[in-house]
Structures are given as structure tokens and as C-alpha cells.
2 protein chains.
Amino acid sequence: MASPTVFDLAQLRRGCSQCSLQQLCLPAGIDAAELAQLERIVKRRRPVARGERLFRAGDALQAVYVARDGAFKTITGNEAGEEQIVAFHLPGELMGLDALGSGAHRCEAVALTTAQVCEVPFESLVAVAQQLPGLQQRLLRVIGQSVDRDRDHLDMLVRRQANERIALFLHGLGARLRLIGRSGEDVTLPMSREDIARFLGLALETVSRGFTRLQDDGVIAVSGRRVQILDPVELERLAHGQEPPPQKQAGRAAR
Amino acid sequence: MASPTVFDLAQLRRGCSQCSLQQLCLPAGIDAAELAQLERIVKRRRPVARGERLFRAGDALQAVYVARDGAFKTITGNEAGEEQIVAFHLPGELMGLDALGSGAHRCEAVALTTAQVCEVPFESLVAVAQQLPGLQQRLLRVIGQSVDRDRDHLDMLVRRQANERIALFLHGLGARLRLIGRSGEDVTLPMSREDIARFLGLALETVSRGFTRLQDDGVIAVSGRRVQILDPVELERLAHGQEPPPQKQAGRAAR
DNA sequence: CGCCAAATTGACCGAGCTCAAAACGAGTGG
DNA sequence: CCACTCGTTTTGAGCTCGGTCAATTTGGCG
């Protein structure tokens, strides 16, 4: 929305050295010569359309992926057919590591919006990492960060009230958006209420009610997928399980 | 129980090449020369007592650990002070990888029973892996398997009924025990009901009731921490969300 | 303007949490 | 061998949070 979305071939060709995610993505902390070697194996793909899949469950591990912009969800199909959301992926966050254990993907990566994706053939990545200690360490760290996000997700699901989960979700999303230089206080959610519900282990109605509650309490302002964090401090309090103080500034009594 | 538990110094000194976990642990799939190089950096520690900690939250990443026998839990402290159980670790399953992302441990590893532990200094491990492609791949795979277990845990917690979680837990534990050559049908649980509850995101009373229910239905026999799987097929059905058939063989009507 | 998907709101109900008490088992000491 | 204690586990009873079903409302788009 903010920037023109014309099809910019030049931008498409830009390498890691000019990518705004350089400090967050695999290239972080390796020197110029090493960067060149990494760049040689990275493929940049043309835009991925909303709903398109990078890989499917059962696919052999060919490559790992990083979005330059846009957003993805990784999902697994419950044997009941219901889809469960494993993670959301923002730009700079690696996708495809779920195949490390068995060599085949356990989930599918679906684009939530149109997106630009870098693809790194896995064999080449491992081979290059073998030669470059810096990249090797970087790779382990990126994997670790992905595990950390999974852990945060887990913390969100265990023994937490619905409202707590929702606050935690908004809080965490804001923090990650700020990391990639976007506002964490004025967010246009790339995912539906149903996606959020399936991520948080709640019914979609509960998510909707939670949003409404936060709005009534003056913590956020919601308009469809646009969410503004009005009171980050209070949001953080709620995320950590504190009940809202009995009386609040915004008009809740007046319905 | 089966083998004498005298303090066996010789066994303590035995290297990876004679370890029964060789096929599951890091050494799997690397050749003899490589194995020797790995062995050089592995430290074997004397027994760890029940309740002892391998590392604490916030500790810098020094080493990763593998139990040769015994069992561990990794826990994180809820800010509320309540401990949340992140994972249980059986022999051959790596511990300490939670520090990969930030360089510091996010959780603590606590021994559930007396245990024998191998300690692998992390820096050395990475350095050796740098030189040995086989070990490098092995390391990534072991990390991946650990992520897979986390994923299974997550699947257990999201949108699953209490009874389903419990069945899934027993089923998964049995499968992992069978992998290390122990019976999956006759298990002495190393953890308390409370530990299980904190792992499954349930109240301990709910876990206890779930066990009783499974016993009443003739699926398992429970006696304290001893659990026998009487009907593995039915257990698997329950684990996958199927309700028990209306009429069961065992006497439930007769209380 | 009308259509369809997404989101909100309402009403009801049941799984599972909480509080409470009893039963059990493993030590410990007389 | 029994009595006593302490921790773990089981069982019971009631209530609440959040799921389910259903009816609107909203918003995007042809």
C-alpha cells in the first residue's frame, strides 16, 4: 500500500548484499567474500501469489526459503482434516526447516499475501556452510531462533487463558514486525481470524470476542484486519497473565 | 532392575563405539575414524542424581548433553512461578539445544531419575562438525529430530481433548521407548502425574482421571507409575481422536 | 446493486479446572 | 511388626471458561 507495487525487475535481481533483511537473514555476520559465495547459490523467485504453496507435506527437502516481503503460514493437516497452524513467517524468517529431522517436509508453507521469496538449495547451503565457519554458525543460530519461536508458540498454548493468548499473540507479532523495521503499533494483519484461532488453539469466535474485549478496554483499536496498539504497556501486562484493573479509562459500562 | 546396578567404573569409561545408543545418538552414520575424533571431545560424567540440574535458564551454552540411561525433563518458569514442562528426554535424545538461538539456555534440565550423562562441549562439537561432513549432517538431523518432537508436543496441545492428549502421550512415549530397545507396552513412568499434567497442559486431577478412564475401558492397567498397555490398537485409535466404541469388553457398568 | 466470505454478536452447554477430602505407598522410628 | 508421617494419587462436587450452533452485520468485488 505505502509503496507502489509495480513489477520491479531490478529489485527482483538485487542480491543479499543490498537486501534490507541482510542483518536478520542468513547473511548476517559474515564477511564480504563469504557473502558473495552465499549469494551464488541463492535463487530469487518471482512473486508468489496468495494461497500458493512453497512446499507440501511429504515433499523431500530441496531448499529452505526466506520471504523478502509478504507473509506465510505453515500448516499441518489434522488426520481429522482440520488444518492446524504451526507458525506464521514474516520476512527474514526461515521456512522449510521442519524437514531437517526426516528429510521430508511435515507441513506445507502457504502464502498469506503476495510475496517475494528467496530459495536456498539445501544441499548447497550445507556444502557452503561446511567451508565457511561464519555461515555454519549463522545457520545454527537461525535454526535456533526458529526453535525459539516454536517455543514461544508453545508457551502461548499451555495453561493460558484465551485473552492471554490473544494479547501474547499481538504483543509477539508487534515485536517481530519492529525487528524488520515495520511499526509494531499499527499493524495490518496478513492472516484471518480463523488463522489466528487455529494458531492459538481457540475457536475463531473466541478470537473475535477477544479482539472486541481489548478494544472495549481501550488497549487496541480494531477495524477488520487493521489493529492499532493504543496501550502497549497494558497489552504486555495482559500478555503476562495480569487481569485488567477493575476500572478502565475507556467506556465499557456504556454499551 | 534387569542388570546389576553396582557402580561400574569400566562401563563409565566405555566410549561411543560400545554404547548401545550408537545408532540413535550423534555417532550414527559416521565412520570409525570420524567416530574416534568425536569420542575425543565427549566427556562422560559420573551419575547425576534425581532432581539435579544439567543447566539452568540463563546459563551460557557450554555443552549439549545426552543421557545414556535415566530420564530428564526440561522446564521453564512461568513468570507466575508455575513451572511449565517443555519436554521429556529419554536416553539418546539431545538436551541443551534450546540455547542455539540466543547463546543462553531458556530452560533448565532436571533429572527425573538417577542418570548417566554424556557431555559434549558445544564449541568443540561445531569445530569437529566443520571438518567432518558426516557429523555435520548428523548434527543437523539430530537437531531436526528434536524439533520434530517439539512439533509432536505442539500437536498434542492444540485443539485436542484431555483424553486424547493422554492417549497420545502414552502412545508416543511407548514408541520412543521401543526405539531404545525397551518395552513400549510395560512402562514404569519416570515422571509424576503432575509432571505429565504440566507437559500436557492439563490439571493433574484430569490426568489421573484420564488414566482411570483408560483402565476402566480395558486399554491400560495402571498401578502407580507402572503402566501396561493392554490394547495398543485401541490406544492408537483414542490418540487419533476416535471416541471409544459405546460398549467395551471390560466391566465399566460395574463400579 | 447484489453476492459471498469474513467477522461480530448472542445464547447455551459441557469439558475440564478448582477446591476439598480421602486413599494409598514409601519411609522412618519405636 | 506396627504406628505415624509425608508426598503422591485418586475420587468427588460444583462452577466457569470457552466451544458450538446460529443469526446478523460488515466489507470487498464483480
Side-chain angles (χ1 to χ4, degrees), chain A residues 1 50-51 73 78 80 82-85 112-114 156-170 188-216 220-227 238 241 243-244 252 255, chain B residues 50-51 73 78 80 82-84 112-113 156-170 188-217 220-227 238 241 243-244 252 255:
Chain A
M1 303 286 181
R50 178 191 152 109
K73 60 179 174 182
N78 250 5
E82 296 287 305
E83 93 177 31
Q84 163 58 27
I85 296 195
L112 290 168
T113 63
T114 303
M156 235 181 266
L157 291 171
V158 183
R159 293 292 216 129
R160 285 212 139 83
Q161 309 272 78
N163 290 331
E164 221 172 316
R165 296 188 199 187
I166 293 164
L168 219 34
F169 170 71
L170 289 174
T188 300
L189 300 172
M191 71 292 280
S192 68
R193 298 287 190 274
E194 181 165 24
D195 284 338
I196 299 173
R198 295 210 150 116
F199 180 71
L200 295 180
L202 299 171
L204 76 90
E205 294 94 328
T206 305
V207 173
S208 182
R209 278 187 251 267
F211 276 38
T212 304
R213 181 95 200 295
L214 286 171
Q215 182 163 33
D216 287 348
I220 64 176
V222 186
S223 165
R225 294 203 175 178
R226 170 115 184 268
V227 177
L238 294 171
E243 262 317 285
R252 282 204 60 225
R255 286 208 21 83
Chain B
R50 178 191 152 110
K73 60 179 175 182
N78 248 9
E82 296 286 305
E83 92 178 32
Q84 163 57 29
L112 290 167
T113 63
M156 234 181 266
L157 291 171
V158 184
R159 293 292 216 128
R160 284 212 139 83
Q161 308 272 81
N163 290 332
E164 222 172 315
R165 297 186 199 186
I166 292 163
L168 219 35
F169 170 72
L170 289 174
T188 299
L189 300 172
M191 72 291 280
S192 69
R193 297 286 189 274
E194 182 165 22
D195 284 337
I196 299 173
R198 296 210 149 116
F199 181 71
L200 295 179
L202 299 171
L204 77 89
E205 295 93 328
T206 306
V207 173
S208 181
R209 278 186 250 268
F211 275 38
T212 305
R213 180 92 202 293
L214 285 172
Q215 182 163 35
D216 287 348
D217 288 353
I220 64 176
V222 185
S223 164
R225 296 203 174 177
R226 171 118 184 266
V227 176
L238 294 171
E243 264 314 288
R252 283 205 61 224
R255 283 204 25 84

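Keep in mind the model is a prediction, meaning the values are calculated, not measured. Here is the naming used below: chain letters follow the sequence lines, and residue numbers restart at 1 for every chain.
- Listed pair B:R225 / C:dG25 fails the phosphate criterion, with no side-chain N or O lying under 4.0 Å from OP1 or OP2.
- Projected onto DNA chain C by closest heavy-atom contact, B:R160 and A:S208 fall at different nucleotides, the more 5' of which corresponds to A:S208.
- As a whole-Å value, the separation of B:E164 CD from C:dA15 P is 13 Å.
- In this entry the distance linking CE of A:M191 with C1' of C:dA5 reads 18 Å, nearest Å.
- Under the 4.5 Å side-chain criterion, counting only non-hydrogen atoms from C-beta, B:R225 is not in contact with B:P190.
- Listed by chain and residue number, B:A162, B:R165, B:I166, B:L200, B:T206, B:V207 satisfy the side-chain contact (heavy atoms from CB on, under 4.5 Å) test with B:L202 (two or more places apart in sequence, or in another chain).
- For the pair B:T212 and D:dT11, the criterion of a side-chain N or O lying under 4.0 Å from OP1 or OP2 is met.
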- Start with the C-alpha distance between A:L157 and B:V158, add both sets of side-chain angles, then the distance that settles side chain to side chain contact (heavy atoms under 4.5 Å, CB included), and finish with yes or no. CA-CA 7 Å; A:L157 291 171; B:V158 184; 3.3 Å; yes
- Note on the structure: Protein-proximity profile, nucleotides 20-30 of chain D, B/S/- by nucleotide at the 4.0 Å heavy-atom cutoff, equals BBB--------
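- Atoms NZ and CE, on B:K73 and B:M191 in that order, are 10.0 Å from each other to the nearest 0.5 Å.
- Following rounding to the nearest Å, B:Q215 (CD) and D:dT11 (P) show an atom-to-atom distance of 8 Å.
- Between the CG atom of A:D195 and the P atom of C:dA6 there is a distance of 9 Å, rounded to whole Å.
- Residues A:R50 and A:T113 fail the side-chain proximity criterion, which asks for heavy atoms closer than 4.5 Å.
- Taking each heavy atom of A:I220 and A:F211 in turn, the nearest pair found is CD1-O, 3.9 Å.
- Here A:L238 contributes atom CG and A:E164 contributes atom CD; the two are 9.0 Å apart, rounded to the nearest 0.5 Å.
- Residue contacts shown for A:G201 are limited to sugar-phosphate atoms, with no base heavy atom under 4.0 Å away.
- With rounding to whole Å, B:R165 atom CZ is found 10 Å from C:dG16 atom C1'.
- Look at B:E194 and B:R198 and you find a salt bridge, because one of the NZ, NE, NH1 or NH2 atoms lies within 4.0 Å of a carboxylate O, short of that distance.
- Within 4.0 Å of B:L202, counting heavy atoms only, lie sugar-phosphate atoms of the nucleic acid but no base atom.
- The CD1 atom of B:I196 sits 16 Å away from the P atom of C:dG16 (whole-angstrom rounding).
- Atom CG in B:L157 sits roughly 13 Å away from atom P in C:dG16 (whole-Å rounding).
- For B:Q161, no side-chain nitrogen or oxygen approaches OP1 or OP2 of C:dA15 to under 4.0 Å.
- Rounded to a whole Å, the CD1 atom of B:I166 is 14 Å from the C1' atom of D:dT9.
- Atom CD in B:E205 sits 12.5 Å away from atom CZ in B:R193 (nearest 0.5 Å).
- Axis angle, first five pairs versus last five pairs of the helix from C:dC1-D:dG30 to C:dG30-D:dC1: 30°, rounded to 10°.
- OP1 and OP2 of C:dA5 both lie 4.0 Å or more from every side-chain N or O belonging to A:R193.
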- Step-by-step side chain to side chain contact (heavy atoms under 4.5 Å, CB included) determination, B:L189 to B:D195: CA-CA 11 Å; B:L189 300 172; B:D195 284 337; over 6 Å; no
